[in-house]
Structures are given as structure tokens and as C-alpha cells.
Asker: 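One structure is given below, represented as C-alpha cells, and several questions about it will come after.
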Number of protein chains: 2
Amino acid sequence: MVYKTSEVPADIEIPEEISGLRMTRQRQEVYRTLMQERNHPTANDVFMRVKDRLPNISLATVYNCLEALVQHGIIRQVNFERESSRYCPNLSEHGHFHDETTGVIHDIDFKPGVHLADLLNLPPGAVIEDVEITLRGKLLTA
Amino acid sequence: MVYKTSEVPADIEIPEEISGLRMTRQRQEVYRTLMQERNHPTANDVFMRVKDRLPNISLATVYNCLEALVQHGIIRQVNFERESSRYCPNLSEHGHFHDETTGVIHDIDFKPGVHLADLLNLPPGAVIEDVEITLRGKLLTA
DNA sequence: CCAATATCAAGAATTATTCCAATTATTATT
DNA sequence: AATAATAATTGGAATAATTCTTGATATTGG
């Protein structure tokens, strides 16, 4: 779901603490931004956005917050080639399609019932902790 | 296939030109290294390895060569999180499993008949140019 | 309330990679 | 074969994203 900025719900409910992570004001605002801007922003994008509400926040803190949220499984970090990391609060198993012409990143779901691990010849004993599926291409808007 | 260094065939056949790319001595040696060291080396790994045969080669040239080979579809560039890029001469559609404990990267094939694009809900009109599947985890060697 | 701990801010440091300018090598042209 | 045009290589400087460091602030537990 994507909101126009003007329609963003003023306050998304954010708990005091998530899975053992202290939700400081900075972490809350970083998380809120990701929930509102569903377009896979970079750390710097988040930084600029969060400054509206916390003018004194530093970029280093945004990086710290993002890392803390990633470590605690609250958001996901998404990488394309060697570009800046992007962040995404969609925790369901999904991939990303990077449209080269517009730069837009689309979340890609599996068709119902598909589970990636079933389709791969994994080495015996492999325990998967994280999967990243990234597609690059063009979107023909004929 | 992985050779011990002492057993590496002295000269893998490398054509003068591949799909329009002039195969200079530097590109040949970079490519040869990738064919011999099937362990997904970084640019710097390749650089150190190639220096045995071309002591004057520069790291910039290794980067140039790798880029040229990637651009011409002769090798693939593989990225894990934000680590240095790695390079791989296996052109078949496959993914990579990064064993966190050993650091080893394993090529992962699809089970026969599986085609990733068929299993995803791609946006209409999407033309895929590249797919990257990376898995991170541990290999239990019980 | 006080001590211990965690977080934050600002700027410096790091590191992979790219860029740049000068040289060298290769190919095409006469 | 000589020369001109083009492409590749080098080495070092520049870049950019991210991490580190240090001192200040805030929070929690006792």
C-alpha cells in the first residue's frame, strides 16, 4: 500500500519495544518513515525524511537505527548490485524487481504455494538464514 | 571442478576474441584465473593471482577487465550484501549460497525443469535482464 | 538518587570502486 | 611498412557509502 504524502496517517502505532529492542524516538521515526514511504528508500532518503520530525538526528544515527531494526528482524535490507542499501518493512518472503528505466523497485511475490527452498539443489546440511532475490530489467508500458 | 594449484592445466584454451571483445593478455589472464579458481574471488583476489603471470598489471586494469568480461556476458558478477563483488565464470542460471561459518560460496542449481520467472508474480510487461539469488546461512557438517 | 549501560551526534576514517591523464599497444589506412 | 586513429593499460587521485571513534545524553536497574 502506498500513500500520497498528504494522505499519510499521522501516527502509525509503534510499540515501545519490539522483540527486545528499545524503541527510542529515533528508531520510531525511522521505522515510521519506512512504513509510510514504501518505495525502498536509502539510508540517506530516510535521513532527509526523518529530519522533518527530528531536526537534530544525524545520518550516523539513521544508519544505527536501520541496522538495529534489521538485526531484530523488524525491517529488511535490500541490495542491488553495489548501489546504496535500501530498506523495506515488508517481512513476507518476497523478491525485488528493479526497473532500470524508472529506477522504481517493485516487491515481487511468489505465486501461491511456491517455496524457493524446495526448488533448489541445496548442499546437504544447509540451513538458510536469509534469501535475497533481485531482478533487474525493464517494464514495457506499451 | 577445482584444481590444486600444482595441477592447474598450464594453458586453458582462450580464444582471441569473444563476442566482440578483444582478448588482450590482461583479459585472458583475468579470465583464466576465474576458470581455474572456482571459488568466487574478489577483484583483489584476482589481482594478486594474476600478478604471478603479469607482474605489472594494475588493480584498475583488473577492474576494467572484469567489467569488460561481465558486460560481454562472459562472466558474472555476484554480490553479497555490501561486500566486495565476486566473479564467477559459471553462466548457467544458478544461485549462490554463502556459508557464514567458512565464508565459502557454493553455486546452487535449480532442480530440473524449474524456471524462476514462472514462479513469480511479475508486474505485467516486465522484461527480466538479470536475476540474482543469494542465500546466506550455515552448513551443518554433523 | 546513583551507577551502569545504551544510545546519540559529529566528524574522522575506511574501503571498494571509479575516474583521470599520460603512456602504450593494437588496428586500420595509406 | 609507416602513420594515424582507436582502444587498453597504469598509477595515482577522487568518490561515496558506510563504519568507527569519542564525548555527550539519555535510560534503566538497584
Side-chain angles (χ1 to χ4, degrees), chain A residues 14-33 40-72 74-87 98 103 105, chain B residues 14-33 40-51 53-72 74-88 98 103 105:
Chain A
I14 294 169
E16 296 283 305
E17 185 170 320
I18 299 183
S19 56
L21 179 68
R22 217 161 83 196
M23 278 308 253
T24 63
R25 188 77 208 288
Q26 288 84 344
R27 287 174 185 159
Q28 284 173 28
E29 293 300 343
V30 165
Y31 183 63
R32 183 203 309 280
T33 298
H40 305 85
T42 64
N44 199 57
D45 294 337
V46 173
F47 175 51
M48 291 188 304
R49 196 84 177 62
V50 166
K51 271 198 293 197
D52 294 349
R53 284 167 166 259
L54 297 177
N56 296 325
I57 198 169
S58 74
L59 179 55
T61 297
V62 172
Y63 272 105
N64 288 342
C65 292
L66 290 169
E67 188 190 353
L69 294 168
V70 169
Q71 298 289 299
H72 285 75
I74 298 164
I75 64 173
R76 303 193 47 175
Q77 182 172 15
V78 180
N79 298 294
F80 288 92
E81 322 263 314
R82 304 224 86 246
E83 292 170 19
S84 314
S85 288
R86 295 165 173 279
Y87 299 87
H98 190 194
I105 292 164
Chain B
I14 293 168
E16 298 281 305
E17 185 171 320
I18 298 181
S19 55
L21 180 69
R22 217 159 86 194
M23 279 307 253
T24 63
R25 188 77 208 288
Q26 287 85 344
R27 288 176 184 158
Q28 283 173 30
E29 293 300 342
V30 165
Y31 183 64
R32 183 202 310 279
T33 299
H40 306 84
T42 64
N44 199 57
D45 293 338
V46 173
F47 175 50
M48 292 188 303
R49 197 85 176 61
V50 165
K51 271 199 290 198
R53 283 166 167 260
L54 297 177
N56 296 325
I57 198 170
S58 75
L59 180 55
T61 298
V62 172
Y63 272 105
N64 288 341
C65 292
L66 289 168
E67 189 190 352
L69 294 167
V70 169
Q71 298 290 300
H72 285 74
I74 298 164
I75 64 173
R76 301 194 49 174
Q77 182 172 14
V78 180
N79 298 294
F80 288 92
E81 322 263 314
R82 303 225 87 245
E83 293 171 19
S84 314
S85 288
R86 294 166 174 280
Y87 299 86
C88 152
H98 190 193
I105 292 165

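Per chain, numbering begins at 1; letters A, B, ... match sequence-line order.
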Asker: If the condition is side chain to side chain contact (heavy atoms under 4.5 Å, CB included), which residues does A60(A) pass it with, not counting sequence neighbours?
Answerer: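 S58(A).
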
Asker: First and last nucleotide of DNA chain C touching chain A, 5' to 3', heavy-atom cut-off 4.0 Å?
Answerer: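 It runs dA6(C) to dT17(C).
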
Asker: Please give me the minimum heavy-atom distance between R27(A) and L21(A), naming the atom from each residue.
Answerer: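 Closest approach of R27(A) to L21(A), heavy atoms only: NH1-CD1, 3.3 Å.
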
Asker: Ring pair (Phe, Tyr, Trp, His ring centres under 6.0 Å) with F80(B): which residues, sequence neighbours excluded?
Answerer: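 Listed in chain order: H98(B).
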
Asker: With sequence neighbours excluded, what pairs up with S84(B) under the side chain to side chain donor-acceptor pair (under 3.5 Å) test?
Answerer: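 Testing S84(B) for side chain to side chain donor-acceptor pair (under 3.5 Å), a comparison that skips the adjacent residues, returns none.
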
Asker: Nearest 0.5 angstrom please: F47(A) CZ to I57(A) CD1, how far?
Answerer: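 The CZ atom of F47(A) sits 7.5 Å away from the CD1 atom of I57(A).
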
Asker: Tell me every residue that passes side chain to side chain donor-acceptor pair (under 3.5 Å) with N64(B), counting only those two or more places apart in sequence or in another chain.
Answerer: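 Once residues adjacent in sequence are excluded, N64(B) has no partner under the side chain to side chain donor-acceptor pair (under 3.5 Å) criterion.
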
Asker: By side chain to side chain donor-acceptor pair (under 3.5 Å), which residues pair with H40(A), not counting sequence neighbours?
Answerer: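 Listed in chain order: H96(A), D107(A).
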
Asker: Let me test you: for the helix from dC1(C)-dG30(D) to dT30(C)-dA1(D), what is the angle between the axes at its two ends (five pairs each), rounded to 10 degrees?
Answerer: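 The angle, to the nearest 10 degrees, is 30°.
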
Asker: What pairs with R76(B) under salt bridge (charged side-chain N to carboxylate O under 4.0 Å, His left out), at least two apart in sequence or on another chain?
Answerer: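 Counting only residues at least two positions away or on another chain, R76(B) forms a salt bridge (charged side-chain N to carboxylate O under 4.0 Å, His left out) with D130(B).
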
Asker: How would you list, by chain and number, every residue that makes a side chain to side chain donor-acceptor pair (under 3.5 Å) with S85(A), sequence neighbours excluded?
Answerer: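 Q77(A), N79(A), R82(B).
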
Asker: Give me, pair by pair, the N or O atoms of the protein and of nucleotides 17-21 of chain D that are less than 3.5 Å apart, along with how far apart they are.
Answerer:
residue: dT18(D); atom: OP1; partner: S85(A); partner atom: N; Å: 2.8
residue: dT18(D); atom: OP1; partner: S85(A); partner atom: OG; Å: 3.3
residue: dT18(D); atom: OP1; partner: R82(B); partner atom: NE; Å: 3.1
residue: dT18(D); atom: OP2; partner: Y63(A); partner atom: OH; Å: 2.4
residue: dT18(D); atom: O5'; partner: Y63(A); partner atom: OH; Å: 3.3

Asker: Under the salt bridge (charged side-chain N to carboxylate O under 4.0 Å, His left out) test, which residues partner E81(A), sequence neighbours left out?
Answerer: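 For E81(A) the salt bridge (charged side-chain N to carboxylate O under 4.0 Å, His left out) partners, ignoring immediate neighbours, are R136(A).
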
Asker: For a quick test of reading the model, state the closest non-hydrogen atom pair linking V62(A) to V46(A) and the distance between them.
Answerer: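 Taking V62(A) first and V46(A) second, the nearest heavy atoms are CG1-CG1, 3.9 Å.
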
Asker: Check the interface with nucleotides 23-30 of chain D: list each N/O to N/O pair with the protein under 3.5 Å, or write none.
Answerer:
none

Asker: When you compare the side chain of M48(A) with that of L59(A), does any pair of heavy atoms fall below 4.5 Å?
Answerer: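 No. Closest side-chain heavy atoms not under 4.5 Å.
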
